[in-house]
Amino acid sequence: MSGVDGLDTEARDILRDNDRGGYTVPTAGLYPYQWNWDSAFAAFGFARFDLDRAWREIETLLSGQWENGMVPHILFHGVDDSYFPGPDVWGTDAVLPSSGITQPPLATTIIRRLYQKDPIAGRARLERLFPRLLAWHRWFAAHRTDSHGAITVTHPWESGRDNAPDWDAAMAAIDPVGLASYDRRDIHEVDASMRPTKADYDRYLWLVAFARQRHWDEKRLRAEGRFRMADPATSFIVLRALCDLRALAGMLGRPTIEIDGWIAATRAGVNHLWNAEIGAYDSRNVLTGAFSATLSNASFLCFHAGIDDRRLLPVMERILAGVRYGLPSLDPADPRFDPRRYWRGPTWAMLNMLIGSGLARLGHAGLAERLRRHTQAMIAENGFAEYFDPIDGSPAGGRRFTWTAAVWLGWAAPSASGTRMEI
Ligand code: 9WN
């Protein structure tokens with residue numbers, strides 16, 4: 001078996017091994033539950049060889065939907081002490097134990113792809129899932145949209161980019177008083193230098209306790225919440241998801257007017273996130289109006305959303321020229337750049353895929369292919385890690401990671417050409 005065929009097999013094995021029956025854990029040990037956007041990537045990977053299993057992943061995810069439409073960022077299908085904070089800390093009273101916040105709704109975009117792969121087999125499943133997707137996006141419109149139309153996050157975990165420098169100023173303004181002592185499990189699994197700091201964790205847990213005391217009541221959280229950031233990454237993923245939702249509505253012959261309204265609002269919202277001072281899309285504190293002055297890979301997700309913002313092309317060229325394995329999660333020219341610390345520098349294969357596929361769809365074939373080749377080499381040389389050092393490619397975080405295996409199978413592998421299920 002050639003090396004690359006071997007990697008295809010390994011990637012499938014990782015998905016199968018991380019399959020817990022209807023849902024896939026991001027990686028054994030470090031993340032023993034079902035995570036929201038991880039499941040969307042898992043479904044994308046499964047679709048390469050088992051379409052039925054791909055649908056099931058998202059069906060399981062949406063089975064955890066709250067009555068108000070929110071789809072939690074973690075579903076606790078059981079209790080596993082290797083992860084903290086578990087269901088007892090979140091204290092939500094959902095039917096299926098869960099966290100109390102969401103994550104970027106990539107699942108909508110993936111469902112469109114699953115359906116297009118086999119519309120006959122997928123029709124009944126889509127009919128059942130569509131109302132759930134609609135309710136989730138209605139919840140985003142009601143509870144996660146700022147006055148300009150950008151999508152906000154109420155906890156760094158909600159963005160999926162936990163310790164991104166975007167949140168530093170807002171997090172520093174929080175004094176985590178009254179926090180009970182706790183035992184982090186993540187740093188038993190992964191070297192602490194690759195993870196968020198204790199100061200970050202204190203605030204993560206303080207924010208959970210704050211919302212729990214308010215019974216996860218969105219109205220109260222909007223009025224009293226201490227962390228509310230408009231996030232370009234989530235905004236672009238939502239915008240793209242809405243376009244896919246609209247297409248699905250059309251295919252099912254459902255009304256689209258409400259979705260059209262959300263699309264227009266989110267388009268206006270992302271314009272409000274353009275920070276002319278750094279020449280990129282940037283996070284913005286809803287409570288103060290201040291930009292975070294952070295040039296990250298989130299900005300390039302505009303291409304995933306179908307926004308052909310050519311101002312960013314030379315910026316991407318500059319950043320790619322400075323590292324071996326782009327795109328780093330933070331501009332290496334930023335003094336806060338830390339090549340192995342999670343969302344403060346490392347390269348994440350799955351964001352490369354979203355950005356690269358978006359570039360290809362917009363006709364930037366050269367840049368798209370460059371990003372794919374960077375990702376291919378990064379994985380082929382260093383394995384299926386959670387994230388990678390952009391300078392030397394060394395693997396970081398968890399290993400045998402679901403989304404990295406999925407990205408390999410569906411986009412980065414040489415064998416993915418031609419069979420690629422475009423995102
Ligand atoms: C908290 C599972 C998740 C990803 C996030 C990533 C990380 C969790 C953590 O792992 O977050 O949700 O405990 O660090 O930042 O994007 O979904 O892979």
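Side chains included, hydrogens not; waters and symmetry mates left out as well; all remaining heavy atoms used. Order of appearance sets the numbers: ligands from 1, and atoms from 1 within every ligand. Just so we're clear, the structure is a prediction, and the values are computed from it rather than from any experiment.
Test R53, R16, Q34 against T24 for side chain to side chain donor-acceptor pair (under 3.5 Å) and you get one pass: R53.
Aromatic pair W35/Y83: ring centres closer than 6.0 Å.
For T375, the side chain to side chain donor-acceptor pair (under 3.5 Å) partners are N352, not counting sequence neighbours. Annotation: ring-ring contact (aromatic ring centres under 6.0 Å, His included) contacts of H374 (sequence neighbours excluded): none. With sequence neighbours left out, the ring-ring contact (aromatic ring centres under 6.0 Å, His included) criterion links W216 to W90.
A donor-acceptor pair is defined here as one N or O able to donate and one able to accept, closer than 3.5 Å; no such pair exists between the side chain of Q65 and the backbone of M70.
Contacts of ligand 1 (protein heavy-atom distance under 4.0 Å) are P26, Y31, W35, W37, D38, H73, Y83, Q103, W157, G160, D162, R195, Y201, Y342, W343, F401, W403.
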